[in-house]
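One structure is given below, encoded as structure tokens.
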There are 2 protein chains.
Amino acid sequence: MISRRGLLTGAGFGAAGLAVGVGTTALVASSDDGDTVPFDGEHQAGITTRQQDALHFAAFDVVTDDRAELADLLKQWTTMARHMTSGEPSEQPTSEHSVPEDTGEVSDLSAANLTVTVGFGPSLFDDRFGLSAQRPTELQDLPHFPGDQLIPELCGGDLCIQACSDNPQVAIHAVRNLARVGAGVVSVRWAQMGFGHASATTRGQQTPRNLFGFKDGTNNLRSEDNQLVDDHVWVSGTGTWLDGGAFLIPRRIRMLIENWDRQVLTEQESTFGRQKASGAPLGRTDEFDPLPLDEYVGTSGPLIPASAHARLASPEENNGARMLRRAYNFTTGTDGLGHLDAGLFFIAVVNSPETSFIPIQNKLARKDKMNEYVRYESSSIFALPPGVRGADDWWGRTLFEA
Amino acid sequence: MISRRGLLTGAGFGAAGLAVGVGTTALVASSDDGDTVPFDGEHQAGITTRQQDALHFAAFDVVTDDRAELADLLKQWTTMARHMTSGEPSEQPTSEHSVPEDTGEVSDLSAANLTVTVGFGPSLFDDRFGLSAQRPTELQDLPHFPGDQLIPELCGGDLCIQACSDNPQVAIHAVRNLARVGAGVVSVRWAQMGFGHASATTRGQQTPRNLFGFKDGTNNLRSEDNQLVDDHVWVSGTGTWLDGGAFLIPRRIRMLIENWDRQVLTEQESTFGRQKASGAPLGRTDEFDPLPLDEYVGTSGPLIPASAHARLASPEENNGARMLRRAYNFTTGTDGLGHLDAGLFFIAVVNSPETSFIPIQNKLARKDKMNEYVRYESSSIFALPPGVRGADDWWGRTLFEA
């Protein structure tokens with residue numbers, strides 16, 4: 001592997017000589033260390049990729065009205081993301097008398113499985129950039145759900161970047177450098193860090209726990225489920241620029257952890273419909289046992305309560321609708337009232353919000369017992385363009401050339 | 001190692017049987033997996049301990065006036081911290097019809113070198129608890145430093161907890177559970193997450209980088225420097241309750257990274273007095289080369305500029321004063337003006353603020369070129385009691401029994 005530091009040094013950043021040449025070698029990917037994720041592909045990386053430990057997510061407003069400037073930035077972002085996900089600096093250094101082309105805080109670190117994923121919000125398709133005819137029908141602001149207490153400053157955005165890595169510093173570095181070169185074209189609207197990935201996207205991953213202490217995403221789509229992923233995640237066959245892409249829905253869910261922590265275990269378990277220690281459905285012993293949705297406990301009602309989260313979100317009760325979840329835990333200080341501010345930064349990826357996320361969330365918002373313990377603070381939707389396919393391709397090419 | 005999950009299961013949390021008994025076995029420490037840090041000792045852990053990757057720091061207001069309640073909480077916190085740093089649940093489970101004794105989100109995780117360190121703020125020594133005669137002379141609110149733009153809600157506190165772990169979820173779990181059992185006695189005043197530890201406290205650690213992209217803490221005290229640590233970190237020979245303790249000073253330093261990122265490399269390097277790639281002093285080749293403070297470059301002034309951070313903070317220019325630093329990087333969204341909010345959560349530990357931190361910071365506040373790129377948002381001081389020495393000892397015993 002060629003370390004970032006070697007590259008910096010080789011280009012005259014420091015004093016330690018020229019152990020590594022510049023130029024051709026600088027673009028050799030460091031994929032042989034086993035901790036890089038391929039950037040190019042039919043779909044963007046960072047969706048079905050094994051979920052990494054840390055997230056930095058940022059939404060941007062476009063502050064220019066110049067379509068060409070925006071397209072140029074997307075081309076530059078594509079190049080930089082390809083470099084960074086290979087463990088290289090975001091841009092190649094030039095000289096010590098110029099502004100450094102990379103901010104440097106990861107120059108001793110590997111990529112730690114960095115993925116960078118870009119998305120386009122509904123507002124990008126207004127009349128500024130001539131893209132309104134290309135707006136996917138389902139790309140529109142989510143409806144108001146009962147109980148939403150959204151903070152407008154934490155919602156929306158013309159563009160988004162999701163950076164995931166097993167090292168938080170690497171994820172933050174990626175967003176920061178893309179924001180840096182975007183000055184004058186984009187402005188950061190909101191941003192969110194996440195840690196302790198609160199869902200698993202591959203079969204090999206142990207199901208992690210959310211800050212309610214429960215395993216989260218036991219029943220998630222996993223990337224090995226090829227047919228389910230094709231059926232529920234990727235847009236295909238539309239003949240539009242979005243084929244190969246998807247819709248990404250981030251929702252910041254504040255957890256009222258002090259209230260939760262005062263509930264007895266049986267109350268917590270009936271809220272989820274699962275056991276806390278094992279993650280198994282109530283009345284079962286293994287985490288992955290099917291939910292016994294039709295079983296009753298004598299005369300005291302269904303084994304899995306009608307208001308249990310696991311029941312309400314299950315494909316069986318939603319006409320088979322499913323979503324791929326990539327949630328992260330978060331904490332951001334206090335609420336100013338003596339409590340820790342913490343929760344779940346929920347991310348769903350689907351190919352049809354109208355047949356999956358929206359009806360499921362409508363049902364949850366009305367019936368989920370968990371609503372007593374959460375507050376929805378942020379809600380957005382973005383269309384993810386398809387993956388980049390080679391060095392001449394770029395994020396959004398299919399849209400801008402449509 | 002006895003996993004937390006085994007303990008939970010064995011006590012009837014779930015359905016998967018009784019593979020691990022409750023009672024005596026529940027207190028066996030899981031230190032044989034190599035990722036626990038001993039809790040008991042002459043000094044508290046988490047200071048000279050190899051700096052872990054993640055931080056959760058919280059300051060608390062005491063909301064009772066009852067000295068006995070406060071002492072009881074400190075005893076309970078001691079017991080819980082001993083458990084958690086051993087990789088066990090914070091409290092032992094009782095039954096499924098009670099409120100869970102641990103919030104559960106780390107029950108599948110190891111301790112990941114968790115340390116929990118407690119401190120007492122100046123305000124604890126007012127007239128509420130009869131402790132005023134025990135206030136260490138140097139435990140008083142820091143003076144105003146030129147350029148401070150402090151946010152009162154992010155300053156001060158009667159108590160603090162510093163939890164460090166290589167897994168952020170474990171650090172947050174520790175603070176959250178201590179806050180949980182403190183309801184009615186303490187209230188969270190402010191809290192801060194940190195990642196990508198921005199200093200090294202042992203010789204074996206590679207010097208990490210801050211969000212300016214520079215190695216941070218090259219010249220830090222390291223725990224192997226026994227004499228220096230004794231001379232500069234631990235309070236001793238005072239005959240007071242604080243012997244074996246220290247003063248901990250957390251300062252949240254917002255970095256104006258957009259301004260910084262527009263500076264050319266030579267400007268950045270002259271601000272630090274060090275080279276960005278290698279960390280070596282200007283004009284030298286190795287990170288650990290001594291600072292050439294007396295060298296001049298022809299007629300253009302000193303090689304290490306008079307306003308360079310490394311010069312101003314050096315022991316050579318501060319009568320030999322030194323401090324142990326345990327800084328962390330942070331980011332918490334945006335500033336609402338289109339920029340990422342990010343910076344350094346600085347933590348210094350010293351045995352005499354008046355002869356080390358305060359004069360050094362006074363000098364830095366007036367002369368440091370880096371002030372153009374930072375803003376001090378939070379500033380506090382806490383006295384760390386000595387370490388806990390065995391199961392009958394507790395955090396603050398020397399103070400409360402003084």
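Just so we're on the same page: letters track the sequence lines, and every chain starts at 1. Keep in mind it's a predicted model, so treat the numbers as computed, not measured.
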Next on the checklist: Using heavy-atom distances under 4.5 Å, tell me whether Q268(A) contacts chain B through its side chain, its backbone, both, or neither.
Outcome noted: side chain
Item to check | T332(B) portion near chain A, given a 4.5 angstrom heavy-atom threshold | outcome: neither
Checklist entry - Non-hydrogen atoms of chain B under 4.5 Å away: do they reach the side chain of E153(A), the backbone, both or neither? => result neither
Checklist entry - Can you tell me how far CD1 of I172(B) sits from CD1 of I257(A), rounded to the nearest 0.5 angstrom? => result 9.5 Å
Checklist entry - Would you say H56(B) and L340(A) make side-chain contact, with heavy atoms under 4.5 Å? => result yes
Next on the checklist: What part of N210(B) gets within 4.5 angstrom of chain A, counting heavy atoms only: side chain, backbone, both, or neither?
Outcome noted: backbone
Checklist entry - Which of the residues A280(A), A342(A), A191(A), P208(A) is involved in the greatest number of heavy-atom pairs with chain B at under 4.5 angstrom? => result A191(A)
Checklist entry - Can you find a side-chain donor-acceptor pair between Q206(B) and D108(A) that sits under 3.5 Å? => result no
Next on the checklist: With rounding to the nearest 0.5 angstrom, report the CZ to CD distance, F214(B) to E105(A).
Outcome noted: 11.5 Å
Next on the checklist: Using heavy-atom distances under 4.5 Å, tell me whether D261(B) contacts chain A through its side chain, its backbone, both, or neither.
Outcome noted: both
Next on the checklist: Between D53(A) and chain B, with a heavy-atom cut-off of 4.5 Å, which part of the residue counts as in contact: side chain, backbone, both or neither?
Outcome noted: neither
Checklist entry - How long is the span from the OG1 atom in T103(A) to the NZ atom in K276(B), to the nearest 0.5 Å? => result 6.5 Å
Checklist outcome for this item: In terms of heavy-atom contacts, G338(B) and S187(A) come closest through CA-OG, 3.2 Å
Item to check | Engaged part of R176(A) at the chain B interface, taking heavy atoms whose separation is under 4.5 Å | outcome: both
Next on the checklist: Using heavy-atom distances under 4.5 Å, tell me whether Q263(B) contacts chain A through its side chain, its backbone, both, or neither.
Outcome noted: backbone
Checklist entry - Under 3.5 Å, side chain of Q169(A) to main-chain N/O of R209(B), donor-acceptor pair present? => result yes
Checklist entry - If you tally heavy-atom pairs under 4.5 Å against chain B, which of P168(A), G196(A), A183(A) wins? => result P168(A)
